[in-house]
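Everything numeric here is computed off the predicted structure, so don't read it as measured data.
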2 protein chains.
Amino acid sequence: MSERRPGEIPEATVARLAVYLRVLTGLVDASTVTVSSEELAAIAGVNSAKLRKDLSYLGSIGTRGVGYDVTLLREKIASSLGLTQRRTCVLVGIGNLGHALAGYSGFSSRGFTFVGYFDADPGRMGEPIADSQISDISELESVVESNGVSIGVIATPAEAAQTVCDRLVDAGVTSILNFAPSVLSVPDNVDVRKVDLAAELQILSFHEHRKSRGLGDGLVESVG
Amino acid sequence: MSERRPGEIPEATVARLAVYLRVLTGLVDASTVTVSSEELAAIAGVNSAKLRKDLSYLGSIGTRGVGYDVTLLREKIASSLGLTQRRTCVLVGIGNLGHALAGYSGFSSRGFTFVGYFDADPGRMGEPIADSQISDISELESVVESNGVSIGVIATPAEAAQTVCDRLVDAGVTSILNFAPSVLSVPDNVDVRKVDLAAELQILSFHEHRKSRGLGDGLVESVG
DNA sequence: AACGGCTTGTGAACGCATGCACAAAGTGAG
DNA sequence: CTCACTTTGTGCATGCGTTCACAAGCCGTT
């Protein structure tokens, strides 16, 4: 029944668009002009029907009998994801992970500019990081406000995460990427995505456990 | 219709069990004895009905009218996730991210032991990392085999990821956590989980984009 | 200009996940 | 023992996501 309004792209599709975008960038670099849904799906590791349905949310981009124009498709996806404008971000919590994130080239190459790196330890203020330096957490609000920062990345210990989150939101940040192992509560208009490293390993552990128990197919378990 | 066999826990539930486990560990530390589904759900940031359904896959653990015994529940979840035995892991690719992962205390505190850190650059062999040192990639197979490693973590550049993955699988690894921005192909019996940092930001970018366009509720869009 | 061969875009069916709402089951007071 | 109260466990309905299968549409050839 629920007619999806134009521009309403399902969450699951959005996540895959980012993957397609990366694959397409690779194809552009390889000077590929055209690609079929079958080929693209194979590279991206998905079913071709799913890929076509995903792309159909962006409008009719392909040419029947031919495929998709690689450059055009890439631009369409980038524009749907709002990647035509650079987005400014701040990173809070410069521990091991924070350093790694600051040094990750994939962010800046994909249109994200970090305008501030913050840590609660005053002793670390001024310490060089990426091509900038660590600022004290007290400057968080002013940097966010003066740069119109829309995305905040939290890489603090769990205890500090909610406080930092509240300060980011109060300062005007409307999207948060959380690496701290804690559940954040935010107003409705703020989006949060969480990356939980330990949870990832635990999920794999579950599958290991399952494999080592249930060896075989139609197993003994069929007891009345 | 499809009667789910005992022990068959849905994927979405498994992911949440890891969250519940963390919350419960916090409650144990706070000497909490009993918790209701309502309370636990609030802390974990989920709906209480969903939480009860999740837990019901582990059997009947709670006491009606009372709630769940915190310690018992935690043990049940840990055992379902296969966390009663320590699991051995290797980490391949010691760049910025690799270093951060090696230094992340959350892994070892949750039952994961890293028995090898590998990098392709021979010049870095012997360099200290965590409480161990970097090994050359050529030793990968022998370490995996002699330690019965079941989980491999890949933090290499995208170009190297598939090759490393193949070597891990050949050596006997059956679960892979991939931080490289590339799609891995593996045999059916191997599980892969992917963490794509740039994709996470792009997904947030999409929501920012959406928010800045579609301000307001029942909007103008209703054109015939 | 008509036809055969491809490939897209999508209606429809299916399956998994979520959330409601309530019966089942335990506790404690009187 | 009985009753009122609490909280679990779950049947059912709903909605979202995936997959199939095919009509619609484009291209090159004859």
Gap between atoms OH and P, on A:Tyr57 and C:dT8 respectively (whole Å):
17 Å
Can you tell if the side chain of A:Arg22 reaches within under 4.5 Å of the side chain of A:Val19, non-hydrogen atoms only?
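Yes. Closest side-chain heavy atoms under 4.5 Å.
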Answer whether the closest heavy-atom distance between the side chains of A:Phe112 and B:Gln202 falls below 4.5 Å.
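Heavy-atom side-chain distance check passes, below 4.5 Å.
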Enter the distance from B:Ser36:OG to B:Arg52:CZ here, rounded to the nearest 0.5 Å.
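The distance works out to 9.0 Å.
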Counting any heavy atom closer than 4.0 Å, what does B:Ala12 reach on the DNA or RNA strands: base, sugar-phosphate only, or nothing?
sugar-phosphate
With a non-hydrogen cut-off below 4.0 angstrom, is A:Leu55 in contact with a base, only sugar-phosphate, or nothing?
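Answer is nothing: A:Leu55 stays at 4.0 Å or more from every strand.
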Does a side-chain N or O from [X] land closer than 4.0 Å to OP1 or OP2 of [N], or not?
X	N	answer
B:Lys53	D:dT10	no
A:Arg52	D:dC22	no
B:Asn47	C:dC20	yes

Which residue, A:Ala49 or A:Gly65, contacts DNA chain C at a nucleotide closer to its 5' end, judged by nearest heavy atom?
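First, find each residue's nearest nucleotide; the 5'-ward one identifies A:Gly65.
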For a quick check under 3.5 Å, do B:Tyr104 and A:Asn96 share a side-chain donor-acceptor pair by atom type?
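No donor-acceptor contact under 3.5 Å links the two side chains.
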Is a donor-acceptor contact shorter than 3.5 angstrom present between the side chain of A:Arg64 and the base of C:dT8?
yes
Of A:Asp54 and B:Ser36, whose nearest nucleotide on DNA chain D comes first from the 5' end?
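Of the two residues, B:Ser36 wins.
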